[in-house]
Amino acid sequence: MVKRLKRNFFTQITLKVAKEMLGKYIVHKIGKKKIIGKIVETEAYIGPRDKASHAYLGKKTSRNKAEYLIGGHIYIYLVYGMYWQLNISTGEERRPECVLIRATEPISRDKNKIPKIANGPGKLCRFLKISEKHYGLDVCKSDKIWLEDRGEKIKLSAIIATPRIGIDYAGPYWSKIKWRFYIKNNKFISRY
DNA sequence: GTACAGATTGAG
DNA sequence: TCAATCTGTACT
C-alpha cells in the first residue's frame, strides 16, 4: 500500500525523521514520466546548535532560508560550485533543521546496469533531475515531487549510525556525532 | 568588487 | 588516496 508522506511526518523531531526516511521513496514526476528512488542514506542537521549546519547560531541567509521552513520543504544548494545537495526541512517553522538525502536506490530504470547512479548527494540530484528550480518546494503539496511510504519497514537493527561526512571543520564533537544513517548491507549508499 | 570555502567526485 | 573544479556567499 502506497501512502504519501504528509506534514505530520516531517514535523517530528529531526533525528526520527532522518531514520524513518530510510526505505521511503522519493518521486519526481516530469510530464508523464516518473523518476523514483528509494532513500537508503540520510544525515540530520539540527539548527543553531549544530556546528556543521549552515544555520549554526541561528545564521540566516538567502541560501539557507528554506531550512527554516516548516517540515516538508526542499532545501537544495550547491557545493564545490557544481554539486547539488538535496535536503528536506524538518520540524516546526523557524526551526532550522533538515535531513540531507545522501543516496537513493534507483527504481525507475534497470538498476543492475547503473548501480552507482545515485550513490552520492551530487549524483542523486542528477539522477532525480532536481535542481535549484525546486528550491523551497513543498513536498506535501507539490504534484511534481513527493515522498511515498510503500509499506516497507526498516528494522531498527538494520539502521547503521555513523559520523557525518565531510564536516571535519565542525570540531571534534560535532564531526564525531553519529547523525548519518543508512540501511545495512545496502549496495547503493555512498560510502562503506 | 573579490577572495574563498566547500555536506564531492572520479581518476590514478 | 588526492587534487581538480567553480559558483554562491560573505566579506572588504
Side-chain angles (χ1 to χ4, degrees), chain A residues 10 13-22 24 26 37-69 71-91 95-106 111 113-137 139 145 147 159-183 186-192:
Chain A
F10 299 102
I13 60 167
T14 301
L15 289 176
K16 195 172 176 204
V17 178
K19 275 183 263 189
E20 297 208 344
M21 218 181 259
L22 297 174
K24 301 290 188 287
I26 183 163
K38 178 172 149 187
I39 298 169
V40 296
E41 186 179 349
T42 62
E43 281 181 21
Y45 286 86
I46 301 190
R49 66 199 173 89
D50 182 356
K51 209 170 175 185
S53 163
H54 292 147
Y56 179 53
L57 297 179
K59 211 162 58 166
K60 192 171 183 181
T61 64
S62 54
R63 174 172 71 159
N64 72 3
K65 65 184 179 211
E67 205 177 351
Y68 286 79
L69 299 172
H73 287 82
I74 288 180
Y75 166 38
I76 190 167
Y77 78 96
L78 204 57
V79 280
Y80 304 116
M82 49 182 122
Y83 300 115
W84 292 100
Q85 306 281 356
L86 176 62
N87 301 254
I88 311 266
S89 68
T90 56
R95 289 254 199 93
E97 304 183 7
C98 66
V99 172
L100 164 68
I101 300 176
R102 287 188 54 87
T104 65
E105 178 179 331
K111 57 184 170 189
K113 278 187 184 162
I114 43 168
K116 291 182 176 166
I117 201 165
N119 64 332
K123 292 163 144 184
L124 180 146
C125 292
R126 210 188 307 161
F127 165 72
L128 288 172
K129 295 210 166 56
I130 292 178
S131 69
E132 80 281 4
K133 280 185 297 226
H134 308 288
Y135 188 93
L137 202 79
V139 299
I145 299 174
L147 273 74
I159 296 177
I160 311 288
T162 69
R164 292 173 290 176
I165 307 275
I167 53 158
D168 295 339
Y169 65 88
Y173 178 73
W174 291 108
S175 60
K176 283 201 184 98
I177 200 163
K178 293 183 174 176
W179 282 357
R180 169 176 175 245
F181 305 101
Y182 63 87
I183 299 177
N186 189 286
K187 293 184 182 61
F188 299 92
I189 62 170
S190 57
R191 296 187 193 186
Y192 291 92

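So you know, we letter chains A, B, ... as the sequences are listed, proteins then strands, and number each from 1. Values reported hereafter were calculated over all heavy atoms of this structure, with side chains retained and with hydrogens, waters and symmetry mates removed.
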Would you confirm whether Lys24(A), through its side chain, and Glu20(A), through its main-chain N or O, come within 3.5 Å as a donor-acceptor pair?
yes

Applying the Watson-Crick and G-U criteria (both distances under 3.5 angstrom) with [ ] for crossing and | for other-strand pairs, one obtains for DNA chain B ||||||.||||.

What are the residues of residues 42-51 of chain A, sorted by number, that bring a heavy atom to within less than 4.0 Å of DNA chain B?
Tyr45(A)

Mind checking side-chain hydrogen bond (donor to acceptor under 3.5 Å, both in side chains) for Lys19(A) and listing every partner two or more places apart, or none if nothing turns up?
none

Under 4.0 Å between a side-chain N or O of Arg126(A) and OP1 or OP2 of dG10(B)?
yes

Backbone of Pro106(A) reached by a side-chain donor or acceptor of Thr104(A) within 3.5 Å:
no

Whole-Å distance between dT9(B) P and Ile189(A) CD1?
13 Å

Could you check how far CD1 of Ile101(A) sits from C1' of dT8(B), rounded to whole Å?
17 Å

In whole angstroms, how far is the C1' atom of dA7(B) from the NZ atom of Lys176(A)?
18 Å

Under the salt bridge (charged side-chain N to carboxylate O under 4.0 Å, His left out) test, residues paired with Glu43(A) that sit two or more places apart:
Arg102(A)

Ring pair (Phe, Tyr, Trp, His ring centres under 6.0 Å) involving Tyr75(A) - partner list, sequence neighbours excluded
Tyr77(A)

Which residues satisfy the side-chain hydrogen bond (donor to acceptor under 3.5 Å, both in side chains) test with Lys123(A), sequence neighbours excluded?
Asn119(A)

Expected list for residues 75-85 of chain A near DNA chain C, using heavy atoms below 4.0 Å, is Leu78(A), Tyr80(A), Gly81(A), Met82(A)

Quick one: Arg164(A) CZ to dG6(B) P, roughly how many Å, whole number?
14 Å

Does Asn64(A) use its side chain to pair, donor to acceptor, with the backbone of His54(A) at less than 3.5 Å?
yes

DNA chain C: 5'-most and 3'-most nucleotides touching chain A, 4.0 angstrom heavy-atom criterion
dT5(C) to dA10(C)

Any sub-3.5 Å donor-acceptor pair from Glu41(A)'s side-chain atoms to Ser190(A)'s backbone N or O?
yes

Listed by chain and number, what are the side-chain contact (heavy atoms from CB on, under 4.5 Å) partners of Lys65(A), not counting sequence neighbours?
Lys60(A), Tyr135(A)

Strictly distance-based, threshold 3.5 Å: is any side-chain N or O of Thr90(A) a donor or acceptor partner for the main-chain N or O of Phe10(A)?
no

Take the protein atom CZ of Arg180(A) and the nucleotide atom P of dT8(B), then report the distance between them rounded to whole Å.
10 Å

For Ser131(A), side-chain hydrogen bond (donor to acceptor under 3.5 Å, both in side chains) partners two or more places apart
none

Pairing residues for Ser89(A) by the side-chain hydrogen bond (donor to acceptor under 3.5 Å, both in side chains) criterion, not counting sequence neighbours
none

Does anything in residues 45-59 of chain A form a salt bridge (charged side-chain N to carboxylate O under 4.0 Å, His left out)? List the pairs, not counting sequence neighbours.
Asp50(A)-Arg164(A)

